[in-house]
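I have placed the structure first, in the form of structure tokens, so that the comments after it can refer back to it.
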Amino acid sequence: MTEISKAYEPQSVEDKWYDFWLKQGCFTADPKSAKPAYSIVIPPPNVTGMLHMGHVLNNTIQDILSRKARMDGKEVLWLPGTDHAGIATQVMVEKQLKKEEKKSRHDLGREEFLKRVWAWKEKHGDIIINQLKKLGCSCDWTRERFTMDPEYSRCVQKVFVELYKKGLIYRGKRMVNWCPATQTALSDEEVEMKPQKGFMYHFKVQVAEAPDTWLTIATTRPETIPGDTAVAVNPKDPRYAHLIGKHIVRPLPAELPQDKKLIPIIGDEHVDFEFGTGVLKVTPAHDKADFDIGTRHKLPLIEVINADGTMNTLAGGPLARLDRFKARKVAVEILTEQGVMIEAKPYENNVGFSQRADVPIEPRLSEQWFLKYPAVPESKACVAEGRMKFHPDRWAKVYDHWLTNIQDWCISRQLWWGHRIPVWYNTEIRAKLTKQIPVVELSGHELPGSNIKQLRDAAWQFADQHALLNHSFPNAETGWNLVVRTASLEHAFTHQGVANIKAVVVLPELIRTASKVASLHHLPPSEHFKAVHLFVAAARIAGELYQVKITVKEHLDGQKLYDHQLFKINTPDGKSPTPAALASKPTRPTSGVDVCIADLFTNVNTDTTFTRCQIEEPGPDWTQDPDVLDTWFSSWLWPFATMGWPEQTETLKKFYPTTDLVTGPDIIFFWVARMIMAGYEFMGEKQFALPDAMPFQNVYFTGIIRDKQGRKMSKTLGNSPDPLVLIAQYGADALRFGTMRSAPLGQDVLFDEKDVELGRNFCNKLWNACRFRQMQGGEVQGEIERTLLTPDDKWILLKLDAAIREVTIALNEYKFSEATAALYKFFWSEYCDWYVEASKASLPRPPAEAAPGEAPVAAVALSPEVEARKANTIAVIDFVLSHTIRLFHPFVPFITEELWNGMGYATDMPDNQGGKTIMNAPWPLPFDDDFKGHYGLDDCYVEMTDTKYELVRNGRDLRRAGNIQAAKKVKYVFKPAQHLTPHDAEVIKLLLNAESLGVNDAYQSPKGTPVVASPLGELFLPLEGLIDVAAEKIRLTKEIEKIQSEIVKVEQKLANPNFTTKVPPTVLAEHEQRLVEWKAKLAHAEAARGALG
RNA sequence: GCGCGGUUAGCUCAGUGGUAGAGCAUUACCUUGACACGGUAGGGGUCGGAGGUUCGAAACCUCCACCGCGCACCA
């Protein structure tokens, strides 16, 4: 810092130091370090994202925490990365595709489309990362992760497989939140309820059995009438109860014949007879509550709306192919034409909207994957018991409430961009379901025996006699020769039921007729076997139909080894045996009947037989589920999947669980709660030997950034400033400091560019305070000689001590705005405003600049005493600055690094203690008693010096009272009440900006001289003729009135016996002291007024 | 409907029972040894309302009003 500019220029400083930090590896965490660990995982921003003010707030806080932890001597890991943001990214690439090539993703096909998404990611994915670097974020970039990284994807799939095997993940046909715009299912959390203005339509329907009776139905969705399969009334409702069991004529679709439009009137408790007309139309296919009613009453489902939100043909001719909202209007028109529309009342109700696409959700029946949330009790307990702390803690209640009421999580999405569901379906079986295979009848060769043991013996004898063992038999369909081993039969005879034993009689026939339905890779991978093939055959034994599952292991040498298992086939309800189904096909002869393969599976769990949940592709006959997983299903693993899980890596051992999480409360359910559950499920004692697997110890919830009118920042409103523009204009430090200054704990932040300006101004002040020090020259960080300390020195050291305490406490409590306020107050209002000015008394003026044409003024040699005092003052300044800069570092990293090095404070430090970079300089500690004792830092110096500065303030007042211009140098006279050191006199003179300060303890002021009094003495401004006496009198009178009112207040309190007897002694003494002070002030003020004449 | 926040200076906010605060804005004056991105001095508040507890309430309790947010099956 040789040439220090007058104003701080962040642009020339910030990039330089960021590069330096990167090159030095300052952000890289070492899991082998002996230092205690501190870790944060970044809430991964979307790869599509651009930095916005929310990121600035969130990441500045994380950076402050990380940098403070490093200065505290911790080994810090701040782990960065991005997430793939399924819907957002896919929609964005689709839009681009449409714009540039006028193509849809279906035109390209899945594989090609995904190539485009990856290309887009490669091109734009690091934009936000680079923006975070601009902000100064000290993330360990060597560990940057992306949720679609191969290793990460494997974690996601492993987790899916595990949860599936535990039975926590299942596939089901359910009512889900369907987004017609993006045509995918959404989780409950992605639906936002919004009040919508619409109409409540009342229309009437005729009761079929009583044509004179009409019921009035209220609905907001007349377009769904064609999907109605009942109307419901409350069975306790006297108006309608008698109609239950009768039918009404559904008015739509109008063109259907009457008998196709009759739907029953049912009774259901769900119906609120206060609401609407008390008659509810039931549309089970398009409403969640109606679906439940439909289930209770076994109502048929009629789907009338397509996946894209248009009506289908079942909705009727005029409605078909119309968008659902257009169809609503048309439906109303038709009802009006029919004369059944009674009225349309304007009505506002809550409608679920797709959070992403901002279109109304359509409840829709579809087959999706669901997760029963794991580890819920543990997740609730850790927060409820305070082992994991939320800041502010009121979010704990919200969290608990959500966990108490959660429904299973719909995790599948009908998208292409994301983690493909690791479930495989057999394709061959599907093609073969309609294939008929002959039923092998067990007749003629019944095995003798009345118990299992006898049957078994007979079976072995049969196998032996008929040369079944270790012989091969041809399969008609594949031409393969299947080898029957002793082991195969042993298995069938020992572990399976009687039917398996009896079937040995027809074994060659079973093998011949069996149909191959699937091939699988051998799992676990084996040295001996290539693949496993599944065959199916049918057998009838004692009148019961059996599915024969034949497993063929294909040896590497081509040998195919046979194994079998029989399952009894029942009808779906499990009661009567299936042959009824066969008998119902009269064209078939009674023996040698064929059976459809599909029938063989009526009671077999096809999910386990023909569905595989595993990471690798099972075999050539298998196709993967087309859906992808909800993006949150990958980000809930973030705290450990980024650290090398499932391997027990050094990083995991050192840095998991993480220390702090900083995020917004809007994703408390989406992300925070789910991460906690994942932590318990996958890092718990069973899997990872962690006694408490919670993923973080503290969660700090930031506020939401709003504009200064309090509106949420959004792209559409255009009220979100671009942080990069702000950084370019004011500097990253300014943006950080300003944001922190205006972001109180747990409150939304009303952002104003003025805040950044404040930050910029502050950096400039810091810069110039250091510049002032630079201009004094002298030894850097010289020894402080305690005997030479002035009261002002002691005052600022004590204020520094207080500031260290305040900032440290504020940071420990995550009160960032308090910490910045404390720093601001200390540095600006105490150090710059008072101490620097006072210190000038000890720093002799530099020689005045020579006027043009004159010879330069020679430097005057200073006396040794003056030199010593000067050196000591500079040492104090260095001490204060070197501490202050460190206190500031986490908030404003760039300027502090520049100053730390430029001022030379780094030079005497060891490399790992601030010698290279301020990043690892030790965080300042409050002074201990030894330190204070050694330097004589007694609190009395604070009081004494405050009194001195108060006198100065009052003295400055006199100027204004006298209407004296600020620049005018005036002479003051001081009449001390006690001994005043020449140094203090000099300080007072300087602070008053006086031409001179005459110290005279016998001073007699002329009439009309303004005066202020203090415990130190009286300060006069003897400027006869220049003083506006009248103005000063008015001022004093006003002040006297104010003092009097204060005295009255205190006196009243002290006169109250209730007060004096009940109050603690310290408070009483305080009030008495206050009265004495006010009375003294009153006396001074009155005397001053009297002196004016 | 239930729950959670908030209401203090023109604006944004601190303030956990004992003399009402900060920053910005504003007014006047000032380029004085680092800083006009600065300095000095001011003006500006019956702390949303009403009760209560207390010697004492901006703060604690009750009710009410308004603003914001979250949750909830209302056709």
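Letters A, B, ... are given to chains in the order of the sequence lines, protein chains preceding strands, and every chain is numbered from 1. Note that the structure is predicted; figures quoted are calculated from it, not measured.
- E753(A) and R760(A) are not joined by a salt bridge, as no carboxylate oxygen comes within less than 4.0 angstrom of a charged side-chain nitrogen.
- The base of A34(B) is paired with the side chain of E837(A) by a donor and an acceptor separated by under 3.5 Å.
- Taking the six-membered ring for Trp and thresholds of 30 and 60 degrees, W402(A) and F669(A) have nearly parallel ring planes, at less than 30 degrees apart.
- Under the Watson-Crick and G-U wobble criteria, each requiring two contacts below 3.5 Å, nucleotide U32(B) is left unpaired.
- Nearest to the side-chain atoms of R771(A) among the listed nucleotides A75(B), C35(B), A72(B) stands C35(B).
- Here L1075(A) contributes atom CG and E1046(A) contributes atom CD; the two are 11.0 Å apart, rounded to the nearest 0.5 Å.
- A20(B) is unpaired under the Watson-Crick or G-U wobble criterion, no partner having all donor-acceptor distances under 3.5 Å.
- Centroid-to-centroid, the aromatic rings of F1059(A) and H1071(A) come within less than 6.0 Å.
- Comparing C60(B) with G70(B), their C1' atoms sit 27 Å apart, to the nearest whole Å.
- Checking G33(B), G18(B), A75(B) against the side-chain heavy atoms of F275(A) singles out A75(B) as nearest.
- Of the nucleotides present, C4(B) is the one that pairs with G68(B) by Watson-Crick or G-U wobble criteria, both distances under 3.5 Å.
- Within a 6.0 Å radius of NZ in K1042(A), no more than 12 heavy atoms belonging to other residues, nucleotides or ligands are found.
- Taking atom C1' on both nucleotides, C24(B) is separated from C63(B) by 37 Å, rounded to a whole Å.
- Judged by distance alone, with hydrogens and angles left aside, N993(A) brings a side-chain donor or acceptor within reach of the base of U32(B), the pair sitting under 3.5 Å.
- Sorted by residue number, the members of residues 1052-1068 of chain A with any non-hydrogen atom under 4.0 Å from RNA chain B read N1056(A), N1058(A), F1059(A), K1062(A), V1063(A), P1064(A), V1067(A).
- Other residues, nucleotides and ligands place no more than 12 heavy atoms under 6.0 Å from the NZ atom of K971(A).
- Between A289(A) and E818(A), the residue whose closest nucleotide on RNA chain B is further toward the 5' end is E818(A).
- The side chain of E1070(A) sits closest to G18(B) out of G18(B), G23(B), C37(B).
- Considering only side-chain atoms of N768(A), the nucleotide from G33(B), A41(B), C35(B) that sits closest is C35(B).
- Within the 4.0 angstrom heavy-atom criterion, only backbone atoms of the sugar-phosphate kind lie near L758(A); the bases stay farther away.
- Using a 4.0 Å heavy-atom cutoff across all strands shown, K1049(A) reaches sugar-phosphate atoms only and no base atom.
- Without hydrogens or angle criteria, T277(A) side chain to T216(A) main chain gives a donor-acceptor distance under 3.5 Å.
- Proximity of N350(A) to the phosphate of A72(B): no side-chain N or O atom is located under 4.0 Å from OP1 or OP2.
- Taking atom P in both A14(B) and U8(B), one finds a spacing of 11 Å when rounded to whole Å.
- For C35(B), its base never sits under 3.5 Å from the side chain of K6(A) at any donor and acceptor pair.
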